[in-house]
**Q** 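Encoded as structure tokens, here's the structure I'll be asking about.
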Number of protein chains: 2
Amino acid sequence: MGKQASAPEIETVLKLEEFLPYRLARAAEIMSREFADIYKKHTGMTRPEWRAFATIGQFGTVTATFIGQHSSMHKTKVSRAVVSLEQRGWLARTSDGADRRIEHLALTKKGWRVYAALIEEARKFEADVLQALGEGPSNALISGLDHLEQR
Amino acid sequence: MGKQASAPEIETVLKLEEFLPYRLARAAEIMSREFADIYKKHTGMTRPEWRAFATIGQFGTVTATFIGQHSSMHKTKVSRAVVSLEQRGWLARTSDGADRRIEHLALTKKGWRVYAALIEEARKFEADVLQALGEGPSNALISGLDHLEQR
DNA sequence: TTTCAATTGTTACAAATGAAACTAATAAAA
DNA sequence: TTTTATTAGTTTCATTTGTAACAATTGAAA
């Protein structure tokens, strides 16, 4: 009997377009870049600056360490972003009374105005994406992310 | 009549954990880093090197320009990755007969052995993630990515 | 207490990255 | 053909990033 035809045990190549880490990275990169265009145009912020800024806006008063943990940014990145945001008058530092190593970071009034405008743009951006996607796929994507995070 | 209680027109803060670009970026970053640990341990490759390598493995013979387009990497990144992969004996260049600007890149025998081992690890990694996620959420995530890409 | 370890944030140095300039070659236009 | 424009890939330089060392302070251990 001749050689049997059969599907190969293992595919001999990996199709990157179908490989989850690759797909996720591409999707994230494209979306991040699109959104970055918005806040760059409005404020000139870099990505690390936006992340630090948004974290302070969300939590009111935080330390640099907290920003690093919450946004998984390296502490030197945070440090530099904070310097830059401070120089533009969008955030202020106050030293902790009890522990003099710590600095509390909060937005200034000017910072809050920028923040309010930015998150409006952010919501609009997100809504546009979700609408373009449609309700079903949007829910699927969000649900998938939920589960991925719970892992 | 007194002031009516009502939900605010606009939320005053943006919760980053619920913001799509942020969630996608985090998920992608974590997954990429986890997978990078695998190929780093096995081969010492960097992320750009893995991407270039996997692209060549998938398509057999490609140009540097193609790698850049397909994986959305900057051409200098590709150029450096190719040099590095070549030095380790995993890929070889052959010049095009008709157009001497072009270099055709392909894996060497040694490269193919590394590739075979790596994509097995890749599949295992992906399967582990999807299994941990469960069938329903996996399908939801994949479907969400499908639609996101079609946009 | 005194010493040693841990923590917060910054700085100095080295590696990775991207923009622009560049070389070599081909294609298109005059 | 001669000139000009375009393309492939590399190199140079400036910027960004991360690692490691650091100063300042606090907590824990001896």
Side-chain angles (χ1 to χ4, degrees), chain A residues 25-26 28-30 32-34 36-37 39-40 43-53 55-56 59 61-88 91-106, chain B residues 25-26 28-30 32-34 36-37 39-40 43-53 55-56 59 61-88 91-106:
Chain A
R26 265 185 76 82
E29 177 57 30
I30 290 167
S32 280
R33 195 158 36 209
E34 280 177 13
D37 286 343
Y39 58 71
K40 260 173 206 156
T43 66
M45 278 184 206
T46 64
R47 221 175 290 194
E49 280 161 25
W50 152 251
R51 283 189 162 204
F53 187 74
T55 304
I56 303 173
F59 293 99
T61 300
V62 296
T63 65
T65 301
F66 176 83
I67 295 175
Q69 285 166 351
H70 188 263
S71 64
S72 37
M73 283 200 294
H74 197 267
K75 61 180 180 173
T76 61
K77 232 182 197 171
V78 175
S79 175
R80 285 154 183 156
V82 165
V83 168
S84 170
L85 294 169
E86 189 188 25
Q87 284 174 346
R88 275 179 277 184
L91 75 79
R93 315 184 194 220
T94 52
S95 47
D96 185 283
D99 185 340
R100 285 186 294 171
R101 291 169 303 183
I102 294 172
E103 289 184 335
H104 297 285
L105 307 169
Chain B
R26 265 184 76 79
E29 178 56 30
I30 290 168
S32 280
R33 195 159 35 209
E34 280 178 13
D37 286 343
Y39 58 72
K40 261 174 204 155
T43 65
M45 277 182 206
T46 63
R47 222 175 288 195
E49 280 161 27
W50 152 252
R51 282 192 165 202
F53 187 74
T55 305
I56 302 172
F59 293 98
T61 299
V62 296
T63 64
T65 300
F66 175 83
I67 295 175
Q69 285 165 349
H70 187 263
S71 63
S72 37
M73 285 200 293
H74 197 267
K75 62 180 179 172
T76 62
K77 234 181 196 173
V78 175
S79 174
R80 285 153 184 156
V82 165
V83 168
S84 170
L85 293 169
E86 189 188 26
Q87 283 174 346
R88 277 181 275 185
L91 77 79
R93 315 184 192 222
T94 52
S95 46
D96 187 283
D99 186 341
R100 282 187 296 169
R101 293 170 300 182
I102 294 173
E103 290 185 333
H104 296 285
L105 307 169

**Q** Check the orientation of Tyr39(A) and Trp50(A). Use parallel for under 30°, tilted for 30 to 60°, and perpendicular for over 60°.
**A** parallel
**Q** Between Ser79(B) and Arg100(A), who's closer to the 5' end of DNA chain D by nearest nucleotide?
**A** Ser79(B)
**Q** Starting at atom CE of Met73(A), determine the distance to atom P of dT16(D), rounded to an integer number of angstrom.
**A** 15 Å
**Q** Hey, are the side chains of Glu29(B) and Ser72(A) touching, using non-hydrogen atoms and a 4.5 Å cut-off?
**A** no
**Q** Considering every strand and a 4.0 Å limit on heavy-atom distances, what is the contact class for Ala98(A): base, sugar-phosphate, or nothing?
**A**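 Sugar-phosphate only.
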**Q** Whole angstroms only, please: what is the CD-C1' distance between Glu49(A) and dT15(D)?
**A**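 So the CD-C1' distance, Glu49(A) to dT15(D), works out to 13 Å.
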**Q** Quick one, Arg101(B) with Asp96(B), criterion side-chain contact (heavy atoms from CB on, under 4.5 Å). Give me CA distance, side-chain angles, the key distance, then yes/no.
**A** CA-CA 8 Å; Arg101(B) 293 170 300 182; Asp96(B) 187 283; over 6 Å; no
**Q** Select one nucleotide: of dA20(D), dT17(D), dG9(D), the one nearest the side-chain heavy atoms of Ala64(B).
**A**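 Nearest to the side-chain atoms of Ala64(B), counting from C-beta on, is dG9(D).
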**Q** Between Arg80(A) and Ser84(A), do the side chains contain a donor N or O and an acceptor N or O under 3.5 Å apart?
**A** no
**Q** Would you say the side chain of Arg51(A) lies within less than 4.5 Å of the side chain of Ile67(A), judging by non-hydrogen atoms?
**A** no
**Q** Tell me, please, the opening and closing nucleotides of DNA chain C, 5' to 3', among those with an atom under 4.0 angstrom from a non-hydrogen atom of chain B.
**A** dT17(C) to dT26(C)
**Q** When you get a sec, tell me which of dG18(D), dA8(D), dA21(D) is the closest nucleotide to the side chain of Arg101(B)?
**A** dA8(D)
**Q** Please confirm whether the shortest side-chain N or O distance from Lys77(A) to OP1 or OP2 of dG18(D) is below 4.0 Å.
**A** yes
**Q** Heavy-atom distance under 4.5 Å between the side chains of Phe66(B) and Thr55(B), does that happen here?
**A** yes
**Q** Is Arg47(A) side chain donor-acceptor paired with the dT17(D) base, going by distance under 3.5 Å alone?
**A**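 By the distance-only test, no, there is no pair.
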**Q** Base, sugar-phosphate alone, or nothing: which one does Thr65(B) contact when heavy atoms must sit under 4.0 Å apart?
**A**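 Counting heavy atoms under 4.0 Å across all strands, the contact made by Thr65(B) is with sugar-phosphate only.
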**Q** Over how many whole Å does the gap from Glu103(A) atom CD to dT26(D) atom P extend?
**A**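 Atom CD in Glu103(A) sits about 13 Å away from atom P in dT26(D).
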**Q** Between P on dA14(D) and NE2 on His74(B), what's the gap in Å once rounded to a whole number?
**A** 17 Å
**Q** For Thr46(A), report the nucleic acid contact type (base, sugar-phosphate, nothing); a contact means any heavy atom under 4.0 Å.
**A** nothing
**Q** I'd like to know if Arg93(B) reaches the base of dG9(D) with its side chain such that a donor and an acceptor end up less than 3.5 angstrom apart.
**A**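 By the distance-only test, no, there is no pair.
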**Q** Checking side-chain contact (heavy atoms from CB on, under 4.5 Å) for the pair Val82(A)/Arg93(A): CA distance, chi angles, key distance, verdict?
**A** CA-CA 9 Å; Val82(A) 165; Arg93(A) 315 184 194 220; 3.7 Å; yes
**Q** Mind calculating the distance between CG (Asp96(B)) and P (dA8(D)) to the nearest angstrom?
**A**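 Between P of dA8(D) and CG of Asp96(B): 12 Å.
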**Q** Round to the nearest Å and state the distance from Arg80(B) atom CZ to dA8(D) atom C1'.
**A** 16 Å
